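Computed from a predicted model, the values in this text were never measured in an experiment.
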Amino acid sequence: MKLGQAIKIAYKNIVTNKLRAFLTMLGIIIGVSAVIALVSLGQGASQSVSEDVSSLGTTMVSVNIQGNSTSEEVVDYDEVMAFEEYSEVEAVSPTVSGTGTVKNGTTSMDSVSISGVTPTYENVQDTTVSSGRFILEIDQENRNKIALLGSNVATELFGFTSPVGNNVKIDGTTYKVVGVLAEQGEELQGSVDDMVLIPFTTAQRFLGQTVINSVAVKMTSEDTVELGMAKIERFLYNQFSGDETSYNVRNQSDVADALTSVTDTMTLLLAGIASISLIVGGIGIMNIMLVSVTERTREIGIRKAIGAKKKDILTQFLIEATVLSSLGGLLGVLIGIGSAEVLAQALDMAVSISWLAVGVAVSFSIIIGVAFGIFPANKAASLSPLAALRH
């Protein structure tokens, strides 16, 4: 029997039992669609993380100082600003942070992030003002009680009127609003839209912090990042008497690599769990094919009696199992891509269709059909013609 004839017969048998064929394929459909949807969402999340990190700048270095609980070594403002003496460093921006209640008349916002920053913050963090001005050196020197509001904070407290020139109270202390920050949107390390910025020296007194815990350093170029980091690490190593647990220095590529590794691992884990459905689908195909062998015993006997060989019967049943799994795989692809798009909209997540995952899922579904179709196909091919005709 020719291959084309075998495929036609397989297609006819599937069409004859549409509901049973659909239920047989359901496991494969669910497995393939789940793999594609989850991998696509995982890759979308990974790309989103990479883009967020890249938007922070490839020359940005973050320095976090935890300090040493067993000693009194600390890093002060002058020591941090001395980083600017390194030829690899363009600008340094230390930050002290806390939370407070911000009020305008009777309107208030609780637990607002209050950050004390230097004038260099605007350059280092690539922040701009939509109206008013940024913090100046004179504000630093005089510990002026001035504030810049994030766009969300400004809207919440002042509505659609400009807050520049007006006063706000932060934990009961009056600050003059000198500017509103341009809307930034969601960022990996938090958005300035929900923050209030005040001069660094003012914040030290307001928050009662004299030591530095967080510093953003902007290098002159990508080529100088590694050497600049090495110099900062050497300073901190000496400052904390060789205790490397008291600080960490990272650039954005390190953060991107770490986060991408986590998202990739989660994607593989989810894909592995979804793949179990493919195995279940394969078992369903085997069970239905065994039932089909029993139902078509007389047909098998007649075909053998008129000259069909064992390999013809074996090929016929293998083709039927493969056709079922292939159709299930193709339907699973369509449903998987559609599900990924729907989930992306519902969860407000990025989605990236992985055509490699599509190819692997469909190929795996076909392999599953062949693997689980071998046993019932071999059982059908091994039937005795006389026993089959007697049946």
Should we count [atom1] of [X] as having more than 12 external heavy atoms under 6.0 Å?
| X | atom1 | result |
| --- | --- | --- |
| Lys231 | NZ | yes |
| Tyr77 | OH | yes |
| Arg20 | CZ | yes |

Worksheet item: Any luck finding a side-chain donor-acceptor pair between Asp139 and Asn144 under 3.5 Å?
Response: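 Their side chains do contain a donor-acceptor pair, which is all the 3.5 Å distance test asks for.
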Practice item. Indicate whether any N or O donor in one side chain lies under 3.5 Å from an N or O acceptor in the other, for Asp243 and Ser241. Key: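 No donor-acceptor contact under 3.5 Å links the two side chains.
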(message) Just verifying a value: how many Å separate Thr322 OG1 and Leu327 CG, rounded to the nearest 0.5 Å?
(response)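 Result: 11.0 Å between the selected atoms.
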Subject >> Straight-line distance of Gln140 CD to Ile138 CD1, nearest 0.5 Å >> reply: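 One finds 11.5 Å between CD of Gln140 and CD1 of Ile138.
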What pairs of donor and acceptor atoms, side-chain ones from residues 161-168 against any protein atom, are under 3.5 angstrom apart with sequence neighbours left out?
| residue | atom | partner | partner atom | Å |
| --- | --- | --- | --- | --- |
| Thr161 | OG1 | Phe158 | O | 2.7 |
| Ser162 | OG | Val164 | N | 3.4 |
| Asn166 | ND2 | Ser162 | O | 3.2 |
| Asn166 | ND2 | Pro163 | O | 3.4 |

Side-chain heavy atoms nearer than 4.5 Å, only ILVMFWY residues, links allowed to pass through others: does that put [X] and [Y] together?
| X | Y | result |
| --- | --- | --- |
| Ile335 | Val39 | no |
| Met195 | Phe134 | yes |
| Ile212 | Val61 | yes |

Mind listing the side-chain donor-acceptor pairs of residues 107-119 below 3.5 Å, one per line with the distance, residues two or more places apart or on another chain?
| residue | atom | partner | partner atom | Å |
| --- | --- | --- | --- | --- |
| Asp110 | OD1 | Thr101 | OG1 | 3.3 |
| Ser115 | OG | Ser97 | OG | 3.4 |
| Thr118 | OG1 | Thr120 | OG1 | 2.6 |

Within-4.5 Å side-chain heavy-atom neighbours: [X] and [Y]:
| X | Y | value |
| --- | --- | --- |
| Pro94 | Met81 | yes |
| Val102 | Tyr175 | no |
| Leu318 | Ile374 | yes |
| Phe206 | Val96 | no |
| Ile135 | Phe200 | no |
| Val63 | Leu236 | yes |

Taking the six-membered ring for Trp, are Phe235 and Phe83 closer than 6.0 Å centroid to centroid?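 When the ring centroids of Phe235 and Phe83 are compared, they turn out to be within the sub-6.0 Å range.
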Exercise. Keeping the roles fixed (side chain from Glu79, backbone from Asp76), state whether a donor-acceptor pair exists under 3.5 Å.
Key: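 At least one qualifying donor-acceptor pair exists.
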**OP:** Look at the side chain of Asn251 and the backbone N and O of Met60, then say whether any donor-acceptor pair between them is shorter than 3.5 Å.
**Re:**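 Checking the backbone N and O of Met60 against the side chain of Asn251, no donor-acceptor pair under 3.5 Å is found.
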